[in-house]
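Taking it in order: structure first as structure tokens, then the write-up.
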Amino acid sequence: MPGLFFSHHNMNELNGKDDCKLAEGKIHKKKQKTFGADLKNYLKCMVPHLESGIKASNSRNVVLSAEEVMQWSQSLEKLLASQSGQGVFREFLKSEFSEENIEFWLACEDYKKTKSDHLHGKAEKIYEEFVQSDAIKQINIDYHMREATAKRAQDPTHTSFDEAQKTVYVLMERDSYPRFLKSKAYLNLLNQLQTNSSK
């Protein structure tokens, strides 16, 4: 199974097991338990001082606050604007077998910042990974949008994937995001941070 599109977001190494094993027939219930463990380990990496409630003096360390995590519930836009939010939401989507949505969205965000002379290579990579009909991480768009996106990717501009990205965003916003906000993982994280901040 190929690595994720962005190595700095890559969280495959969280529990040391290959995701392929999960796809090869472990039941969904076990996946849910793994999700909880993955998320806990991910947060320990992101927030090394979370459990003791000590804020890191090093500004490069990311320290989550209850306030930031509460802001994630205001909109999907606010959740995705947060690096930590992206990571936690991606772990949730993995538990629902739909992480290709956030990976595609992030790939599109990166693509928009690409220098013009590199557009063709990146467009081809995004198309092959997410858009084409037999893509490994195929996103859920209809046939007409798939065809239109394919045409735009052949003669790429910075807006080639905008329509498909908007569709995937709306899909996450209406479907996965409300479930994420009700998930034990999100509510437990918020509760833990609120408890720590009141100590």
Side-chain angles (χ1 to χ4, degrees), residues 4-6 8-12 14 19 23 28 31-32 34-36 38-39 42-43 46 62 64-114 122-123 125-127 129-133 135-150 152-153 157-194:
L4 297 177
F5 194 74
F6 294 98
H8 64 284
H9 294 297
N10 191 345
M11 297 185 311
N12 278 348
L14 285 180
D19 280 344
H28 192 65
K31 179 71 172 167
Q32 290 290 357
T34 306
F35 167 58
D38 284 355
L39 182 58
Y42 171 70
L43 289 169
M46 290 290 289
V62 178
L64 274 177
S65 68
E67 188 183 336
E68 182 187 351
V69 174
M70 278 169 61
Q71 283 180 354
W72 298 350
S73 68
Q74 292 172 8
S75 68
L76 179 59
E77 187 180 349
K78 289 207 171 173
L79 172 66
L80 294 175
S82 158
Q83 194 91 26
S84 306
Q86 288 173 15
V88 174
F89 189 50
R90 173 182 274 176
E91 283 302 304
F92 173 76
L93 291 177
K94 271 188 186 179
S95 77
E96 297 203 325
F97 305 99
S98 61
E99 69 265 29
E100 71 279 353
N101 291 328
I102 192 168
E103 288 178 23
F104 174 71
W105 188 86
L106 288 167
C108 291
E109 287 298 289
D110 179 67
Y111 175 80
K112 290 175 193 174
K113 300 171 195 158
T114 303
K122 274 199 181 176
K125 187 172 181 179
I126 291 171
Y127 173 74
E129 196 167 356
F130 299 103
V131 180
Q132 70 183 14
S133 54
I136 296 168
K137 299 176 184 177
Q138 188 187 68
I139 51 169
N140 187 6
I141 54 175
D142 66 30
Y143 172 80
H144 298 292
M145 185 169 293
R146 200 175 301 285
E147 290 296 299
T149 306
R152 287 189 206 105
T157 66
H158 284 95
T159 59
S160 293
F161 296 100
D162 282 8
E163 261 188 76
Q165 185 187 22
K166 195 180 291 181
T167 300
V168 166
Y169 181 90
V170 169
L171 189 71
M172 290 192 292
E173 188 175 43
R174 290 182 183 164
D175 190 35
S176 311
Y177 176 64
R179 282 200 304 279
F180 168 73
L181 294 178
K182 292 174 188 167
S183 70
K184 279 185 183 175
Y186 174 71
L187 297 172
N188 288 347
L189 170 63
L190 185 56
N191 186 43
Q192 186 180 1
L193 288 166
Q194 286 171 333

Taking the side chain as C-beta and beyond, is there a heavy-atom pair between F180 and L93 under 4.5 Å?
no
Does Y111 use its side chain to pair, donor to acceptor, with the backbone of A123 at less than 3.5 Å?
no
Might you point out which heavy atoms bring I139 and A164 nearest each other, and give the distance in Å?
CD1-CB, 4.4 Å
Do side-chain atoms of H158 reach the backbone of T114 as a donor and acceptor pair under 3.5 angstrom?
yes
Interatomic spacing from CD in Q194 to OG in S65 - rounded to 0.5 Å
10.5 Å
Just checking E77: does its CD atom have more than 12 heavy atoms from other residues, nucleotides or ligands closer to it than 6.0 angstrom?
no
Residues I126 and A107: closest non-hydrogen pair is CD1-O, 3.7 Å
Over all heavy atoms of both residues, which pair between L181 and S73 is shortest? Give the atoms and the distance, please.
CD2-CA, 3.6 Å
What I'd like to find out is whether the side chain of D110 reaches to under 4.5 Å of the side chain of L106, using heavy atoms alone.
no
R146 meets the salt bridge (charged side-chain N to carboxylate O under 4.0 Å, His left out) criterion, sequence neighbours left out, with none
Between CG of L171 and CZ of F104, what distance do you get to the nearest 0.5 Å?
11.5 Å
Can you tell me how far OG of S183 sits from CD of E91, rounded to the nearest 0.5 angstrom?
12.0 Å
Correct closest heavy-atom pair for S82 and E68 would be OG-OE2, 2.7 Å
Search all heavy atoms of F161 against all heavy atoms of C108 and return the closest pair with its distance.
CB-SG, 3.7 Å
Applied to residues 161-173, the side chain to side chain donor-acceptor pair (under 3.5 Å) test, sequence neighbours excluded, yields E109-Q165, K112-Q165, R152-E163
Carboxylate-amine/guanidinium proximity below 4.0 Å for E129 and K137:
yes
Are any side-chain N or O atoms of Q132 and backbone N or O atoms of Y127, one a donor and one an acceptor, separated by less than 3.5 Å?
no
What closest approach, in Å, do V168 and N101 show between heavy atoms, and which atom pair accounts for it?
CG1-O, 3.5 Å
With side chains defined as the heavy atoms from C-beta onward, is the minimum distance between F89 and L76 less than 4.5 Å?
yes
Do the side chain of N188 and the main chain of K184 share a donor and acceptor less than 3.5 angstrom apart?
yes
Pair Y186 + F92: ring centers closer than 6.0 Å
no
What is the distance from atom OG of S75 to atom OH of Y177, rounded to the nearest 0.5 Å?
5.5 Å
So does L80 get a backbone contact from the side chain of Q86, meaning a donor-acceptor N/O pair under 3.5 Å?
yes
Give, for atom CD of E147 and atom CD1 of I141, the distance between the pair rounded to the nearest 0.5 Å.
9.5 Å
Contact check, side chains of W72 and V88, non-hydrogen atoms, under 4.5 Å
yes
